[in-house]
Q: 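Before we start, here is the structure in question, set down as structure tokens.
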Amino acid sequence: MSLWEYANPKKFMALSARVLPWVTGLAATTLLVGLVWGFFFTPDDFRQGSTVKIIYVHVPSAMMAINVWVMMLVASLIWLVRRHHVSALAAKAAAPIGMVMTLIALITGAVWGQPMWGTWWAWDPRLTSFLILFLFYLGYIALWQAIEDPDTAADLTSVLCLVGSVFALLSRYAVLFWNQGLHQGASLSLDREEHVADVFAWPLWVSMAGFGLLFLALVLLRTRTEIRARRLRALEARERMQ
Amino acid sequence: MWALLIRDLRLATRAGGGFGLSLAFFLIVAVLVPFGVGPKAATLALIAPGILWVGALLSCLLSLDRIFALDREDGSLDLLATSPIPLEGVVGIKALAHWLTTGLPLAAFTPVLGVLLNLPAAGFGPLVLSLLIGTPALSMIGAFGAALTVGLKRGGLLLSLLVLPLYVPSLIFGAEAARRGAEGQEILTPLLMQAGISLGTIALLPFAAAAAIRVNLR
Amino acid sequence: MTAEPLLSVAGVTVGRGGIAFLGQVSFDLRPGEALVLRGPNGVGKTTLLRTIAGLQPPMAGRIVMAEDGAAYAGHADGIKATLTVRENLLFWARIHGRSDVAPALAAMDLEALADRPAQNLSAGQKRRLGLARLLVTGRRLWLLDEPTVSLDTRSVGLFAQLARAHLRSGGAAVMATHIDLGLDEARILDVSQYRASAMAMPATDGFDEAFA
């Protein structure tokens, strides 16, 4: 039995119905453990004090912001090549989640940046890249909203996702060229693993897993909704024909 | 193919074609900036390259929705799609026509606005050069955006939302080259990067745009 | 009737937005033949013509046509208002690799209007220009969607002549029209017999199918 079986809406619905409660439960537990562990059971950083604890939200959301886009890219490619409706709908379902993740990363970054760098916002490459990523999500979602016919919308948004991915990467490097930035400073950058001491790293890993599971639960739920909406459309169309 | 280019140029330059509109818009943007930031020559000189690049980019945006929407309305796009010319070629030619009627005149007109904004003498050459190299990418990316939104009744605003993020790399390298030029630094690196982007978009985006048009026509 | 068909439509299902309008449409068209599509409004004649023209993929079935493809004339004529009649025609001729527009102007009685901007034409004159365009494409297969809309009686006669000459010279045409053009060689195909009903048709939308 091949993996593509689950591209069949019926099989997908059956499987996701069985899996969803477990994923949801697991996501809630992991998030709770990771965040509580991170917030209350790790020491304050000797330089950054308790502000450092925002990384347990900031880093996982930033990671997911990028991963969700990658997932959308893969789903778009699958739609364009194999025409599986579930794939297109999953990409549609994922976009708002990715956008919110980007927004969380930006906001928590600003909240963290204020005490650390003394400013809410700096045109640092990483921050700028995330802002651009946010704009890409915005455009992608707007295109989905604007087009009536679901298959047309799926085709066009997939093409946009493909082209957008290339330009997002280009922007990333263009932005690096444009401004070297604050974010990379070693004392501030906890993004790279080697800078994170183990006491901070473990809860961070758990939080990251929690965000991943949260995304999985949300995207399954939203894809199910999209499939039902699509099914409803098909039924209505059928009724009109009679 | 040439027939299409000639027709598009002719349409753009005849009454109601909108030729000159983007130039006028560019002029107005450049005139408004000193009202916003104050008349100090030093400040203006500092921001002139960037302002002129952003202004050129916005002026370019203005005429994008005409690229395919008009042909869609009067049925020409259907007929072009069934003609012997591949749709990819149609897209490329239309982007070229757009560049010849907006990007090229904008680049040629920029030195005048450079004077208005007190652009340092060393900056004129690099600014015009970066515009000449960068605006083809703007037209091509714009044609892609126009192809995506050609099926929509009021796609203009959405078109801007889709296209502007795609303009970021071109803007960064273009404005960087212009700024470095104005400050007398070497400009080869950003110009080469920009040329790379322009060539890449011209090579690849016609395929994406043609695919989008086919989807929109069906 | 031994000539190779210019157009062969086999078991074609057409529709929009995943909904089938017409199913299992099949016909062959040889040089010199014309097919008139009849049927109530909204039954899918336009969709069928657009599908044959290659503007949208068929949901099922196969369409085979001569190498050089077809000349399609839809509801809109593809006329640019600021160009003159001659410029409009010349443009479409060049696109199809030709340059002689005089016969086309003569055929639809447009010579007197040749240097007038198309925006000054009446609806009927525009339509005549749109039909003259078919000649400059040089293609043998014509796909016409309501070609006689807004034409007066005389122009309809002109068009009938044009169509007859086209058929005689080895061309073929599929047209959706309600007017009797007096083309003896035309077959009439009532497409409502192919109407896809939700009950009879297997679900063509792959999405729907998966739930069935």
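Values reported hereafter were calculated over all heavy atoms of this structure, with side chains retained and with hydrogens, waters and symmetry mates removed. So that the names make sense, note that chain A is the first sequence line, chain B the second, and so on, each numbered from 1.
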Q: Specify which of B/Arg214, B/Arg218, B/Arg7 makes the most heavy-atom pairs with chain C at under 4.5 Å.
A: B/Arg7
Q: Whether the side chain of C/Arg98 engages the backbone of C/Val136 through a donor-acceptor N/O pair (distance < 3.5 Å, no angle test) should be reported.
A: yes
Q: Can you list the steps and then say if C/His75 with C/Asp145 is a side-chain contact (heavy atoms from CB on, under 4.5 Å)?
A: CA-CA 6 Å; C/His75 297 294; C/Asp145 197 358; 3.2 Å; yes
Q: Of all of B/Gly75, B/Ala81, B/Ala3, which one pairs up most often with chain C through heavy atoms under 4.5 Å apart?
A: B/Ala3
Q: Against chain B, work out which of C/Lys80, C/Arg50, C/Gln56, C/Arg94 has the most heavy-atom pairs shorter than 4.5 Å and name it.
A: C/Lys80
Q: Examine the side chains of C/Thr137 and C/Trp92 and answer whether a donor and an acceptor come within less than 3.5 Å of each other.
A: no
Q: In terms of side-chain heavy atoms, does C/His96 have a donor or acceptor partner in B/Ser83 at a distance below 3.5 Å?
A: no
Q: To the nearest 0.5 angstrom, please state how far the CZ atom of B/Arg14 sits from the CD atom of C/Gln119.
A: 9.5 Å
Q: Do the side chains of B/Leu61 and B/Tyr167 get nearer than 4.5 Å, heavy atoms only?
A: yes
Q: Distance check, rounded to the nearest 0.5 Å: C/Leu135 atom CG versus C/Leu162 atom CG?
A: 4.5 Å
Q: Is chain B contacted by the side chain of C/Ala70, its backbone, both, or neither, given a heavy-atom distance below 4.5 Å?
A: backbone
Q: Which heavy atom of C/Pro31 sits nearest to which heavy atom of C/Gly170, and what is that distance?
A: CB-O, 3.4 Å
Q: For residues 51-59 of chain B, give me every residue with a non-hydrogen atom less than 4.5 Å from any non-hydrogen atom of chain C.
A: none
Q: Where does C/Leu83 contact chain B at under 4.5 Å (heavy atoms): side chain, backbone, both or neither?
A: both
Q: Could you tell me the separation between the CZ atom of C/Arg30 and the CG atom of C/Leu6, rounded to the nearest 0.5 Å?
A: 10.0 Å
Q: Would you say that more than 12 heavy atoms from the other residues, nucleotides or ligands in this model lie under 6.0 Å from the CZ of C/Arg62, or not?
A: no
Q: For the candidates B/Ile85, B/Asp78, B/Leu217, which exhibits the highest count of non-hydrogen atom pairs separated by less than 4.5 Å from chain C?
A: B/Asp78
Q: With a 4.5 Å cut-off on heavy-atom pairs, point out which of B/Leu4, B/Leu77, B/Val215 contacts chain C the most.
A: B/Leu4
Q: So which of B/Leu80, B/Leu70, B/Ile6 has the largest heavy-atom pair count under 4.5 angstrom toward chain C?
A: B/Leu80
